[in-house]
Number of protein chains: 2
Amino acid sequence: MIIEIDFNSDEAIYVQLCNQIILGIATSQFREGEQLPSVRQLAETIGINMHTVNKAYSILQQDGFVKIDRRRGAIIAIDIDKLRALNEAKSELAVVLARAMCKGIGRDDIHTLVDQIYDHYEG
Amino acid sequence: MIIEIDFNSDEAIYVQLCNQIILGIATSQFREGEQLPSVRQLAETIGINMHTVNKAYSILQQDGFVKIDRRRGAIIAIDIDKLRALNEAKSELAVVLARAMCKGIGRDDIHTLVDQIYDHYEG
DNA sequence: CATATGTTATACTAAATATATCACAAACTT
DNA sequence: AAGTTTGTGATATATTTAGTATAACATATG
């Protein structure tokens, strides 16, 4: 999978890394049990520091997307806590939808967007 | 409207301020043309610095939620650019939904959440 | 004139971000 | 056994962001 970092973005590099890997999992570019590049490899490929990659991996582990094995590095391993995930999704959605609603975006518009994104991920 | 800041949150104070005001607009606690507290007033009420409030107001102005008048302070004034708002909503949703999808949350779950939030805002 | 408004400027502390090395134990490869 | 690769830890440094503390200013209102 190709990981692209926007160095001019206001988003921190490790945040971009996390999001791209999660996006990769959602689009089946990464699959359960698959091995991520080592922190040193990925750091060199992207052209950033080893510790920045390590921070991203640690967060992914904490959030239950990978497990880190000393032998093989970071491995995709989804820890499913659906209730917790639902609560997090709801509070994140609340902020996004409030912005949208202020701008005149109706509930139907959002449903359409959700379907578009899910189609793109599952397709 | 009561604005509450969590000083232990990892979210910056000015970000929390922005989100709460946008939430207030979405729930009709703030209405078009209504006046927000002055930067000095709100800063004293919350117990933070004037500049922190000013930063939040400036961002809200830049994002098209308020207009700032030297005479009357910050006034709710939504600038509707629906196409732009749709694009922003979509890219923000993409990240949230990717996380959700990895955790086994299906499209129906999301639609339910969206309806819950919209009901709460419009209700 | 006095007051309240947003705005601007400066200075400072603290935290977050990212990089640069160095070192270590564990596991694998040869 | 030797060497390599793995994640991890420690330390140091530079940069940026966040937040505060003052002070001053122009403008509008009373």
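Every chain is numbered from 1, with letters handed out A, B, ... down the list of sequences.
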With a 6.0 Å cut-off (strictly less than), is the heavy-atom count around [atom1] of [X], excluding the residue itself, greater than 12?
| X | atom1 | value |
| --- | --- | --- |
| Glu44(B) | CD | no |
| Gln62(A) | CD | no |
| Glu4(A) | CD | no |

Out of curiosity, [X] [atom1] to [Y] [atom2], how far, rounded to the nearest 0.5 Å?
| X | Y | atom1 | atom2 | answer |
| --- | --- | --- | --- | --- |
| Asn49(B) | Asn54(B) | CG | CG | 10.0 Å |
| Arg72(B) | Leu36(B) | CZ | CG | 11.5 Å |
| Asp79(A) | Arg84(A) | CG | CZ | 8.5 Å |

Ignoring hydrogens and geometry beyond distance, is the side chain of His51(B) in donor-acceptor contact with the base of dT22(D) at under 3.5 Å? yes

Using the closest heavy atom to pick a nucleotide of DNA chain C for each, name whichever of Arg72(B) or Arg70(A) lands nearer the 5' end. Arg72(B)

Please determine if a side-chain N or O atom of [X] lies less than 4.0 Å away from the OP1 or OP2 oxygen of [N].
| X | N | answer |
| --- | --- | --- |
| Lys55(B) | dG19(D) | no |
| Tyr14(B) | dA18(D) | yes |
| Asn54(A) | dG7(D) | no |

Membership question, hydrophobic clusters at under 4.5 Å side-chain separation (ILVMFWY): are Val53(A) and Ile68(A) in the same one? yes

Determine, using the 4.5 Å side-chain heavy-atom cutoff (strictly less than), whether Met101(A) and Ile110(B) are members of one ILVMFWY cluster. yes

Overall bend of the helix from dC1(C)-dG30(D) to dT30(C)-dA1(D) (five pairs an end, 10° steps) is 20°

Boundaries of the chain A footprint along DNA chain C (any atom under 4.0 Å from a heavy atom): dT17(C) to dC28(C)

Would you kindly give the [atom1]-to-[atom2] distance between [X] and [N], to the nearest whole Å?
| X | N | atom1 | atom2 | value |
| --- | --- | --- | --- | --- |
| Ile48(B) | dG19(D) | CD1 | C1' | 9 Å |
| Gln61(A) | dT6(D) | CD | P | 17 Å |
| Gln16(B) | dA18(D) | CD | C1' | 13 Å |
| Glu44(A) | dT6(D) | CD | P | 11 Å |

When you measure from the side chain of Asp109(A) to the backbone N and O of Gly106(A), does any donor-acceptor pair fall under 3.5 Å? yes

Which residues, if any, of residues 2-13 of chain B bring a heavy atom under 4.0 Å of DNA chain D? Ala12(B), Ile13(B)

Residue that, paired with Ile48(B), satisfies side chain to side chain contact (heavy atoms under 4.5 Å, CB included) out of Leu17(B), Ile5(B), Leu42(B): Leu17(B)

Residues Gln29(A) and Thr27(A): side-chain donor-acceptor under 3.5 angstrom: yes

Pick the nucleotide of DNA chain D nearest each of Val39(A) and Met50(B); which residue has the one closer to the 5' end? Val39(A)

